[in-house]
Amino acid sequence: MDPVVTRFPPSPTGYLHVGGARTALFNWLYARHSGGRFVLRIEDTDTARSTQAAVDAIFEALEWLGIDWDDGPYYQSRRLDIYQSYIDRLLAAGQAYYCTCTPEELAEKRQKALAAGLDVRYDGTCRERGLPRTPDAVVRFKTPPDGTTTIHDVVKGDITFENREIGDFVIQRSDGVPTYNFAVVIDDITMGINTIIRGDDHVSNTPKQILIYQALGEELPVYGHVPMVLGQDRTKLSKRHGAMSVTAYRDMGYLPEALINYLVRLGWSCGDQEFFTREELIEKFSLENLGKSAGVFDPEKLLALNFDHIKAADPARLAGLLRPFLEQEGYDVDAGPDLEKIIATLNQRSKTLKDMARDAAFYYQGEIEFDPAAAKKFLRPAVLEALRLLRDELQRLGEFSEKGLEGVFVAVMEKTGFKLGKIAQPVRVALTGKTASPGIFEIMDVLGPQRVLPRLERAIAFIEQRAAAADK
RNA sequence: GGUCCCAUCGUCUAGUGGCCUAGGACGUCGGCCUCUCACGCCGAAAACACGGGUUCGAGUCCCGUUGGGACCA
């Protein structure tokens, strides 16, 4: 059995979107799973729409996802002479021919055929004319007039097309640039690609490609046409479906392994398993379990999966990933508490890194801004004594530890007769400004005495002021 | 319009003729836990598009209808 060789051939006409990323993933995973090779090829023959910026964006996205390639990147624009040699070969063998029908003539024929309710394929005017090469001539492939061409597809089964439905299609334009269907086949042949997993929007191109393989006497690759990823309105993914670029998810604070997990599970399954690490995916991915119906992209489920991956991620790695988000919020990370300790209090509650950075706000703020409603409800004279007591006990405690802190709270509870809830909420507001936060002992431990004490002091002063104002 | 593909809870899916009283996950709703909010845990509602066959037996096979999608024009 030859080693598996797969490929991913994006057109650099824009960012890499999630649908394309999924296709890349399937090919990459399959190559890695079977110990084969994965080839990257940039299909940039459409010079009008291809840009270097898009090429860079694609690299950036692939790198973030951790999709690496063994061969390439190849650029179609630099392979024109290779395509030409194959065109010449087909021409010489009489399997292709020059055609000088003008676009106007073709359009006219199409109109007539349409009006007469006939097929609108090329009528073969130049097929047997033996025309020489001229500047305005295109090259057409001589499709067998009869018979059928069938795709043996590993996901959809056999799909058969009538050859007469295909017609003599153009393989090289008059400017010498090969058409998509031709360039793809020549590339796949010369790059040794033997397994092609791609979107099923390519199904109708496939018989043409198979015909070219056959004309060249080349062995066919294994085809697997995977269903499209649809937007919430059940149509093909596009700009109007919102943020669909891979890097947009990175910027929103998603983990690459979460996006990968989500994308692969959309159209592939392994029993009831939902959560996969990248290693598990490589180990378990198989062509057999690819689904054959289109799937709707569900941001909610991706978010839930991201949450699960954040929970499972190593805090030390999270620290590196979170840092830019914190800096974006304007925080001086190195001046704050220990980052890994901060993450340990948040990684079971934040669904994205962006959320986490936002939830970490109180760790970095010098002077806590009390949420008015929270202050009104919890920073009231009734708890003044308890807070003072707490402050004194904490000062006596010196170094913080979760256990020591708990002891201090117990002591205060005993002296005041308050329950923990009665004391914890005011303290929470004092330390974070809000009524919701991680556990009170956890955050105090992370914050440390040098941050906790001044904040408590400030809350006490706040209440004293409030009491004084009320007395007047 | 032509060609092709697809069809299980709202969504992603398990299911490969009897194990299906159709399972899991997200979401939704209810409860528990609790220093708050989350997490977590427990529970609920929720699907085999429809109609014909084949078979002792069909979500599973065949045909048709309907619906959706893709490509070409």
Side-chain angles (χ1 to χ4, degrees), chain A residues 106-107 109-111 113-115 117-122 149-151 153 155-162 164-167 169 180-181 199-208 225-237 261-276 288-308 310-311 345-351 355-356 359 371 374 377-378 405-406 409-410 412-413 418-429 431-432 434-444:
Chain A
L106 292 170
K109 282 176 186 169
R110 192 173 299 131
Q111 288 296 337
L114 223 45
L118 296 171
D119 294 329
V120 292
R121 259 156 274 100
Y122 180 61
T149 296
T150 117
I151 310 171
D153 194 287
V155 354
K156 304 214 184 231
D158 285 2
I159 306 170
T160 300
F161 294 83
E162 296 287 337
R164 56 174 186 78
E165 296 281 352
I166 297 167
F169 54 95
Y180 167 76
N181 282 316
D200 69 4
D201 47 340
H202 286 287
V203 168
S204 38
N205 282 323
T206 309
K208 293 177 184 171
H225 287 94
V226 296
M228 307 265 75
V229 177
L230 272 24
Q232 311 251 262
D233 59 357
R234 299 207 136 271
T235 64
K236 198 177 169 181
L237 233 39
N261 188 163
Y262 176 71
L263 254 18
V264 173
R265 261 299 332 251
L266 213 193
W268 176 83
S269 61
C270 186
D272 279 342
Q273 190 171 347
E274 299 281 349
F275 182 95
F276 295 86
E288 290 75 52
N289 296 318
L290 284 166
K292 46 171 82 175
S293 55
V296 174
F297 186 89
D298 181 7
E300 290 278 357
K301 187 147 184 174
L302 169 57
L303 185 64
L305 219 34
N306 196 54
F307 188 24
D308 290 339
I310 284 180
K311 282 190 269 194
T345 67
L346 297 172
N347 69 162
Q348 302 298 311
R349 32 204 321 138
S350 305
K351 297 192 175 192
D355 284 352
M356 198 182 283
D359 294 341
D371 170 65
K377 185 164 180 197
F378 294 109
L405 289 165
E406 202 169 340
F409 270 79
V410 169
V412 174
M413 283 158 70
F418 286 167
K419 289 194 170 161
L420 180 55
K422 184 98 179 170
I423 306 172
Q425 277 307 81
V427 172
R428 192 184 312 282
V429 176
L431 299 180
T432 72
K434 298 190 172 59
T435 54
S437 84
I440 201 74
F441 306 131
E442 289 177 75
I443 62 177
M444 288 174 80

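Chain naming here is simple, since letters A, B, ... match the order of the sequence lines and numbering starts at 1 in each.
On the P atoms, B:rG2 is 13 Å away from B:rU65, given to the nearest whole Å. The same atom, P, is picked in B:rA14 and in B:rU60; the two are 15 Å apart, to the nearest Å. B:rU36 and B:rA47 have their P atoms separated by 37 Å, given to the nearest Å. One P atom belongs to B:rC62, the other to B:rC6, and the distance between them is 11 Å to the nearest Å. Between the C1' atoms of B:rA44 and B:rC9, the separation comes to 14 Å (whole Å). A gap of 16 Å separates the P atoms of B:rC48 and B:rA7, to the nearest Å. Nucleotides B:rG27 and B:rU21, compared at atom C1', are 25 Å apart to the nearest Å. If you take atom C1' in B:rC56 and the same atom in B:rG15, they sit 22 Å apart, rounded to whole Å.
Separating the NZ atom of A:Lys419 from the C1' atom of B:rC35 is a distance of 12 Å, rounded to the nearest angstrom. B:rC6 atom P lies 12 Å from atom CG of A:Asp158, rounded to whole Å. Note: CD (A:Glu165) to C1' (B:rC4) measures 10 Å, nearest angstrom. Here B:rC35 presents its C1' atom at 8 Å from CZ of A:Phe409, a figure rounded to the nearest Å. Between A:Phe276 atom CZ and B:rA25 atom C1' there is a gap of 11 Å when expressed in whole angstrom units. Between A:Ile423 atom CD1 and B:rU34 atom P the separation is 18 Å, expressed in whole Å. Rounding to whole angstrom units, CD1 of residue A:Ile159 and C1' of B:rA70 are separated by 11 Å. Between the P atom of B:rU36 and the CD atom of A:Glu442 lies a distance of 13 Å, rounded to the nearest Å.
Listed nucleotides: B:rC35, B:rC5, B:rC26. Nearest to the side chain of A:Asp200: B:rC5. Picking from B:rC6, B:rC4, B:rG27 the nucleotide with the shortest atom distance to the side chain of A:Phe161 gives B:rC4.
Every residue two or more places apart in sequence or in another chain that forms a side-chain hydrogen bond (donor to acceptor under 3.5 Å, both in side chains) with A:Gln425 is listed here: A:Arg428. Residues that satisfy the side-chain hydrogen bond (donor to acceptor under 3.5 Å, both in side chains) test with A:Asp359, not counting sequence neighbours, are A:Ser350. Residues forming a salt bridge (Lys or Arg N to Asp or Glu O under 4.0 Å) with A:Asp298 (at least two apart in sequence, or on another chain): none. In this view, A:Asp272 satisfies the side-chain hydrogen bond (donor to acceptor under 3.5 Å, both in side chains) rule with no residue, not counting sequence neighbours.
With A:Asp153 contributing its side chain and A:Asp158 its backbone, the two residues share no donor-acceptor pair below 3.5 Å. A donor-acceptor pair under 3.5 Å links the side-chain atoms of A:Arg265 to the main chain of A:Gln273, judged by distance alone. A:Asp200 contributes no side-chain N or O that, together with a main-chain N or O of A:Val203, makes up a donor-acceptor pair within less than 3.5 Å. In this structure, the side chain of A:Thr432 engages the main chain of A:Lys434 through a donor-acceptor pair within 3.5 Å. Looking at A:Thr206, its side chain does come within 3.5 Å of a backbone N or O of A:His202 through a donor-acceptor pair. A donor-acceptor pair under 3.5 Å is formed between the side chain of A:Asn306 and the backbone N or O of A:Lys351.
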Original post:
Where along nucleotides 7-15 of chain B does protein come under 4.0 Å, by heavy atom, of base (B) or sugar-phosphate alone (S), with - for untouched nucleotides?
Top reply: S---SBSS-
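Look at B:rU60: it lacks any Watson-Crick or wobble partner with both distances under 3.5 angstrom. Pair assignment for B:rU55: none, as no Watson-Crick or G-U wobble contacts are both less than 3.5 Å. Using Watson-Crick or G-U wobble geometry with both donor-acceptor distances under 3.5 Å, B:rC33 finds no partner in any strand shown. Taking a pair to require two hydrogen-bonding distances under 3.5 Å in either a Watson-Crick or a G-U wobble arrangement, B:rU28 pairs with B:rA44. Searching all strands for a Watson-Crick or G-U wobble partner of B:rU21 with both distances below 3.5 Å returns nothing.
Mapping A:Ala424 and A:Lys208 onto RNA chain B by nearest heavy atom places A:Ala424 closer to the 5' end of the strand. Both A:Leu420 and A:Leu302 lie close to RNA chain B; mapped to their nearest nucleotides by heavy-atom distance, the more 5′-ward contact belongs to A:Leu302.
Nearest heavy atoms, A:Gly421 versus A:Pro426: O-CD, 4.4 Å.
Proximity of A:Phe418 to A:Val412: side-chain heavy atoms (C-beta onward) are nowhere separated by under 4.5 Å.
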With the criterion being N/O to N/O and under 3.5 Å, what pairs connect the protein with nucleotides 40-50 of chain B, and how long is each?
residue	atom	partner	partner atom	Å
B:rG40	OP1	A:Lys311	NZ	2.8

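A:Pro438 comes within 4.0 angstrom of a nucleotide base, judged by non-hydrogen atoms across all strands. Within the nucleic acid shown, A:Gly439 comes within 4.0 Å of at least one base atom, counting heavy atoms only.
Nucleotide B:rC12 is shown with an anti base, its glycosidic torsion being more than 90° from 0.
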